[in-house]
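Read through the structure below, which is laid out as structure tokens, and then see the notes.
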There are 2 protein chains.
Amino acid sequence: MSKNISEHLKKNGIKPSLQRTKIYEYLIENKNHPTVDQIYNDLVKDIPTLSKTTVYNTFNLFMEKNIITIITIEENETRYDADTTFHGHFKCDECGEVYDFDIDDIQINKDILKDFQINERHLYFKGKCKDCLKK
Amino acid sequence: MSKNISEHLKKNGIKPSLQRTKIYEYLIENKNHPTVDQIYNDLVKDIPTLSKTTVYNTFNLFMEKNIITIITIEENETRYDADTTFHGHFKCDECGEVYDFDIDDIQINKDILKDFQINERHLYFKGKCKDCLKK
DNA sequence: AATATTAATTGTAATCATTACAAATTTAAA
DNA sequence: TTTAAATTTGTAATGATTACAATTAATATT
């Protein structure tokens, strides 16, 4: 697994250091789109010398190399996604959990965006998840 | 015009003070979704005593009363929208302008969000606008 | 292998948007 | 008019992110 990650980073022009590999692996294994804080707090157990700056630097590098996308739902917390294909996110107001969902199709009125170049598309919903509704 | 705004605020349980009225009016007339800074800098010419805190307080109040929605495209700048009907936003990476566009339909795979309660839907694109592409 | 060069990581301080809070002002009620 | 309640304001605090310089690790050169 870790071998695959190294390869994937290399293929995208990223030298696979320990920190980079672990951070990318964490994102792959935790598909709930953790915040930088969560990632740092978990990974520092593994890599005691880890700095939060490194986490930020690494994500900025991953972004430049287009192997992750940014998820901006709340103003004050950035999350990241290792799945760069187009899909939607649902964030529960109650528990804070972020869920992925598939988008089949979006039909928009093209009049306004005619001759615009669209590079990124983001769709997210907010509300209450099934588990929180039960309570 | 200003009369209508007062009425609209009252109808939604908001006492229409000078500041609130001007801020709401500004949002109605500037459909490009200005940031708090832009709004403050423009309105302070009109209301010299205006405080940026008031702008923030007012938007938070408007949000509670559901007469505006928040637009979170970039992590570090919150924008607001007086049009609370569902529509999309396009932000140009080059000039920073935010455009509205109409959404006809969105089809998603409902499996994951079955039994979820969806309260808000947000769709935004990023790229280059027509004007910036010409250059 | 030893040294020089370059790249990556780290810690601390700075930045900047937003909020907390208490004082001052304005509005409404008695 | 006096009193109470609501609104606005300015300043300080917060918290996420970035700038930057120093340290450490990796790579290239002799």
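Below, read A as the first sequence line, B as the second, and so on, with proteins coming before strands; counting in each chain starts at 1.
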- Item | Distance under 6.0 Å and angle within 45° of ring axis: A:K52 vs A:Y40 | yes
So, is [X] near the phosphate of [N], with a side-chain N or O under 4.0 Å from OP1 or OP2?
| X | N | value |
| --- | --- | --- |
| B:T54 | D:dT9 | yes |
| B:S17 | C:dT26 | no |
| A:Q19 | C:dT10 | yes |

In whole angstrom, give the distance that lies between atom [atom1] of [X] and atom [atom2] of [N].
| X | N | atom1 | atom2 | answer |
| --- | --- | --- | --- | --- |
| A:L43 | C:dT9 | CG | C1' | 15 Å |
| B:K22 | D:dT8 | NZ | C1' | 17 Å |
| A:I47 | D:dT24 | CD1 | P | 17 Å |
| A:L61 | D:dT18 | CG | C1' | 16 Å |
| A:R20 | D:dA25 | CZ | P | 15 Å |
| A:K10 | D:dA26 | NZ | P | 14 Å |
| A:Y40 | D:dG15 | OH | P | 17 Å |
| B:I39 | C:dA17 | CD1 | C1' | 14 Å |

- Task: Measure from the side chain of B:K15, starting at C-beta and using heavy atoms only, and say which of D:dT9, D:dT27, D:dA6 lies closest.
- Result: D:dA6
- Short question: side chain of B:R79, backbone of B:I71 - any donor-acceptor pair under 3.5 Å? no
- Is the backbone N or O of B:D83 less than 3.5 Å from a side-chain atom of B:D81, with the two atoms forming a donor-acceptor pair by type? yes
At a cut-off of 3.5 Å, list every protein nitrogen or oxygen paired with a nitrogen or oxygen from nucleotides 18-21 of chain C, distance to 0.1 Å.
from: C:dT18; atom 1: OP1; to: B:T78; atom 2: N; distance (Å): 3.4
from: C:dT18; atom 1: OP1; to: B:T78; atom 2: OG1; distance (Å): 2.7
from: C:dT18; atom 1: OP2; to: B:Y56; atom 2: OH; distance (Å): 2.3
from: C:dT18; atom 1: O5'; to: B:Y56; atom 2: OH; distance (Å): 3.2

- Message: Is any side-chain heavy atom of A:L133 closer than 4.5 Å to one of B:D115?
- Response: no
- Item | Validation row: B:L123, B:H89 side chains within 4.5 angstrom (heavy atoms) | no
- Item | Working for side chain to side chain contact (heavy atoms under 4.5 Å, CB included), residues A:F59 and A:I23 | CA-CA 9 Å; A:F59 279 132; A:I23 289 170; 3.7 Å; yes
- Message: Does A:K128 have more than 12 heavy atoms from other residues, nucleotides or ligands lying within 6.0 Å of its NZ?
- Response: yes
- For A:D105 and A:Q107, test the side chains for any donor-to-acceptor distance below 3.5 angstrom and give the result as yes or no. yes
- Verdict with supporting geometry, B:K22 and B:D46, salt bridge (Lys or Arg N to Asp or Glu O under 4.0 Å): CA-CA 9 Å; B:K22 288 282 187 189; B:D46 238 349; 3.7 Å; yes
- Item | Strand DNA chain D as a dot-bracket string - pairs counted if Watson-Crick or G-U with both distances under 3.5 Å, | where the partner lies in another strand | ||||||||||||||||||||||||||||||
